[in-house]
Amino acid sequence: MAAAIGGQGRRAVAVPSRREGKSIETRNKILDAAEELFSIHGLYGVTLRDIAAKTGVDTALLHYYFDSKDNIFIEVVQRRGADLIGECHRELDTYEAEAGDAMTIDGLVAAYLRPVFRLNRNGGKSWRNYCALVLRLSNSPDWASEIISEHFDPLALKMIKLLKRAMPECDETNLYWAHQMFVRVMTITNAPKGRLERLSDGRCKANDFDTMEPLIVRFTVEGIRGICTKN
């Protein structure tokens, strides 16, 4: 049981017992392993045995904590989702408040991408795995996509609504296409090392986020303008 501590005039704070702390640590190790495997192989390319082997535990322990692979996937999506989605909402809200009626596509795309790149730079391998997982499965025509959509669709619809305000002359249907293509472009933020370096003879690095971020903003903005500009 967690113990409550606190002096007079202070609210008691629950402190996990040693057993509870070990349990949380084990759950997080399982989720970290599953997150990485799902990001590489997708939901259906990973088994409970794969997750257990990567974590270094028996499959019985996975059943004890999560009951099924589907439940592990749900917890993987939820665990970091609130932080990422919350940061994206805050960036868009801040930009909207500052720009008002002078919002631009450039500003909106930059605000939307800022948390993704910040977490890729500073959040370590686990955050890169998570972002890769979401981007990989967000357009899959299956149950995995439904789980991700439940969390991320409100953010996508908010972005489309703001783009419509910034470009009122644009056909709204094209904005949905634009967002779809934008999401696919974002997948390169988590591209594995190797191919880009090989093609560019080492001049480009897959983890060079400082170079990549402004380039993706420019690429996306020009793409949206191209879709929305009438010939």
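These figures come from a predicted structure and were not determined experimentally.
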Report yes or no: do Phe117 and Leu196 belong to one cluster of Ile/Leu/Val/Met/Phe/Trp/Tyr joined by side chain heavy-atom distances under 4.5 Å? no
Working to the nearest 0.5 Å, report the span between CD1 of Ile51 and CD1 of Ile72. 4.0 Å
From Met167 atom CE to Ile105 atom CD1, the distance as rounded to the nearest 0.5 Å: 4.0 Å
I'd like to check Glu87 versus Leu119 (side-chain heavy atoms, cut-off strictly below 4.5 Å). Are they in contact? yes
Evaluate side chain to side chain contact (heavy atoms under 4.5 Å, CB included) for Val116 paired with Trp127, printing each intermediate quantity in order. CA-CA 9 Å; Val116 176; Trp127 269 107; over 6 Å; no
Test disulfide bond (SG atoms under 2.5 Å apart) applied to Cys88 - qualifying residues, sequence neighbours left out: none
Distance col, row Lys205:NZ vs Asp210:CG, nearest 0.5 angstrom, shows 14.5 Å
Check whether any side-chain heavy atom of His63 sits under 4.5 Å from a side-chain heavy atom of Leu48, and report yes or no. yes
For the backbone of Val76 and the side chain of Tyr130, can you confirm whether one donor and one acceptor N or O come within less than 3.5 Å of each other? no
Asp208 and Arg203 ion-paired at < 4.0 Å: no
Evaluate whether atom OH of Tyr44 has more than 12 neighbouring non-hydrogen atoms of other residues, nucleotides or ligands under 6.0 angstrom away. yes
For His151 and Ile147, which heavy atoms make the closest approach, and how far apart are they? CD2-O, 3.1 Å
Got a sec, which residues hit ring-ring contact (aromatic ring centres under 6.0 Å, His included) with Phe73, two or more places apart in sequence or on another chain? Phe38, Trp143
Linked, directly or transitively: Leu215 and Val221 (ILVMFWY side chains, under 4.5 Å): no
Rounded at 0.5 Å granularity, tell me how far CG in Leu62 sits from CG in Leu31. 9.0 Å
Crowding at CZ, Phe209 (>12 non-hydrogen neighbours, <6.0 Å): yes
Is Glu197 reaching over with its side chain to a backbone N or O of Gly194, donor-acceptor style, under 3.5 angstrom? yes
Any donor-acceptor pair under 3.5 Å linking the side chain of Tyr95 with the backbone of Met103? no
Arg121 atom CZ: more than 12 heavy-atom contacts under 6.0 Å: yes
Side-chain donor-acceptor pairs of residues 106-114 under 3.5 Å, sequence neighbours excluded:
| unit_1 | atom_1 | unit_2 | atom_2 | d |
| --- | --- | --- | --- | --- |
| Asp106 | OD1 | Arg225 | NH2 | 2.7 |
| Tyr112 | OH | His179 | NE2 | 3.4 |
| Arg114 | NH1 | Glu91 | OE1 | 2.7 |

Just verifying a value: how many Å separate Leu84 CG and His89 NE2, rounded to the nearest 0.5 Å? 10.0 Å
Listing request: all salt bridge (Lys or Arg N to Asp or Glu O under 4.0 Å) pairs with a residue in residues 40-60, at least two apart in sequence or in separate chains. Glu36-Lys54
So which pairs with a foot in residues 147-164 pass salt bridge (Lys or Arg N to Asp or Glu O under 4.0 Å), sequence neighbours left out? Asp93-Lys158
Taking the side chain as everything from C-beta on, heavy atoms only, tell me whether Met186 gets closer than 4.5 Å to Thr220. no
Name all residues meeting the side chain to side chain contact (heavy atoms under 4.5 Å, CB included) criterion together with Ala53; count only those two or more places apart in sequence or in a different chain, and write none if there are none. none
pair Leu155-Leu92: side-chain heavy atoms closer than 4.5 Å: yes
Intermediate values then yes/no, side chain to side chain contact (heavy atoms under 4.5 Å, CB included), Asn129 and Asp32: CA-CA 9 Å; Asn129 288 337; Asp32 285 344; over 6 Å; no
Here the gap from Arg118 atom CZ to Glu213 atom CD, rounded to the nearest 0.5 Å, amounts to 9.0 Å
Is Leu157 reachable from Met159 through a run of I, L, V, M, F, W or Y residues, each pair having side-chain heavy atoms under 4.5 Å apart? yes
Co-membership, hydrophobic cluster, residues Ile74 and Leu61, 4.5 Å side-chain: yes
Are Val185 and Val183 connected in a single hydrophobic cluster, I mean Ile/Leu/Val/Met/Phe/Trp/Tyr linked by side-chain heavy atoms less than 4.5 Å apart? yes
Tell me, do Met181 and Ile227 make a side-chain contact under 4.5 Å, heavy atoms counted? yes
Within the side chain of Asn71, is there an N or O that forms a donor-acceptor pair under 3.5 Å with the backbone of Phe66? yes
Atom CG of Asp201 with >12 non-hydrogen neighbours under 6.0 angstrom: no
